[in-house]
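The next block holds one structure in the form of C-alpha cells; read it before the comments.
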Amino acid sequence: QVQLVESGGGFVQPGGSLRLSCAPSQTRYGAYVWGWFRQVPGKQREMVATITPGGQTNYAASLKDRFTISRDTDNGTINLDMRDLDAGGTAVYYCAARQRVVTGRDYWGQGTQVTVSS
C-alpha cells in the first residue's frame, strides 16, 4: 500500500502555469500506474493524465496539448505541469496509484485545490 500527498495547488491567473507534485510514501514505481485526476463539485471525477513505469503517458483529449505528466525519480515525485490554464482548470486535483495486477487496489491522495481566476 502507498500513501499519496499532493502539493502545489493554489491560485493562478488565466493563461498561467502551475506544477502539481505527488509524493508517494514509497518509490516502487514499477508496481503502479500513476495518475492525476480532478473533480468539480457536482460533476464526475475526470482523468487528467496517467503514466506507466515505462514512461507511457495518456491524457484527456482536451488537455493533451497543455498538460504534461512526468516522473521525477530523483525527487520521488509524480508531477503534473499545467499550462495555459483557464477557468475550466478550477478543480480539486487528486494523485492516484493503481496496482498493476488484476486484483490490485487503487490509492488516492487527499487532493489539492487549484483555482484559476483573475
Side-chain angles (χ1 to χ4, degrees):
Q1 54 190 46
V2 59
Q3 287 74 51
L4 307 171
V5 179
E6 304 99 332
S7 63
F11 292 88
V12 61
Q13 295 183 343
S17 300
L18 200 65
R19 166 172 280 193
L20 305 182
S21 294
C22 173
S25 61
Q26 58 175 286
T27 56
R28 296 170 60 186
Y29 299 112
Y32 303 91
V33 174
W34 308 87
W36 283 95
F37 293 71
R38 68 183 183 183
Q39 188 167 25
V40 176
K43 300 184 68 175
Q44 187 175 2
R45 186 170 297 183
E46 174 189 23
M47 189 275 287
V48 174
T50 62
I51 185 168
T52 70
Q56 299 165 295
T57 57
N58 186 41
Y59 298 90
S62 62
L63 305 175
K64 186 185 300 181
D65 59 340
R66 296 185 292 124
F67 286 24
T68 302
I69 188 171
S70 62
R71 182 179 65 247
D72 186 341
T73 56
D74 291 335
N75 293 301
T77 58
I78 308 297
N79 298 323
L80 181 70
D81 291 300
M82 305 181 291
R83 301 176 294 276
D84 194 24
L85 285 162
D86 58 21
T90 296
V92 177
Y93 287 73
Y94 297 90
C95 182
R98 171 169 286 180
Q99 290 180 302
R100 299 178 66 211
V101 294
V102 173
T103 58
R105 292 183 57 186
D106 292 340
Y107 298 89
W108 296 90
Q110 79 285 353
T112 184
Q113 176 72 48
V114 173
T115 302
V116 184
S117 64
S118 299

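By convention here, the first residue in the shown sequence is residue 1.
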Are V116 and F11 side-chain neighbours, meaning at least one heavy-atom pair lies under 4.5 Å?
-> no

Salt bridge (charged side-chain N to carboxylate O under 4.0 Å, His left out) pairs touching residues 71-80, sequence neighbours excluded, are none

Hey, what do you get for OG1 (T50) to OH (Y59), rounding to the nearest 0.5 Å?
-> 8.5 Å

At what distance, to the nearest 0.5 angstrom, does CH2 of W36 lie from CE of M47?
-> 14.5 Å

Determine whether M82 and V114 make a side-chain contact, defined as any pair of heavy atoms from C-beta on separated by less than 4.5 Å.
-> yes

With sequence neighbours excluded, residues passing salt bridge (Lys or Arg N to Asp or Glu O under 4.0 Å) with D86 | none

Taking atom CD1 of I78 and atom CG of L20, what is their separation to the nearest 0.5 Å?
-> 13.0 Å

Give a yes-or-no answer on whether the side chains of N75 and T77 include a donor-acceptor pair shorter than 3.5 Å.
-> no

Distance-only donor-acceptor check, side chains Q39 and E46, under 3.5 Å | no

How about E6 and T112: does a side-chain donor come under 3.5 Å of a side-chain acceptor?
-> no

Are V92 and V12 linked, directly or through other ILVMFWY residues, by side chains that come within less than 4.5 angstrom of each other?
-> no

Heavy-atom side-chain contact between Y32 and V2 under 4.5 Å | yes

Working to the nearest 0.5 Å, report the span between CZ of R45 and OH of Y93.
-> 13.0 Å

With Y107 as reference, evaluate Q1, Q3, R98 under the side chain to side chain contact (heavy atoms under 4.5 Å, CB included) test and give the passing residue.
-> Q1

Would you say S17 and R83 make side-chain contact, with heavy atoms under 4.5 Å?
-> yes

Between P53 and R100, is any pair of side-chain heavy atoms under 4.5 Å apart?
-> yes

Close side-chain approach of L63 and V48, heavy atoms under 4.5 Å | yes

W34 vs Y29 side-chain heavy atoms within contact, under 4.5 Å = yes

CG on L85 to OG1 on T90, rounded to 0.5 Å = 8.5 Å

Validation row: S117, P14 side chains within 4.5 angstrom (heavy atoms) = no

If two hydrophobic side chains count as joined below 4.5 Å and joins carry through other members, does Y94 share a cluster with L18?
-> no

If you round to the nearest 0.5 Å, how far is CD of Q113 from CZ of R38?
-> 12.0 Å

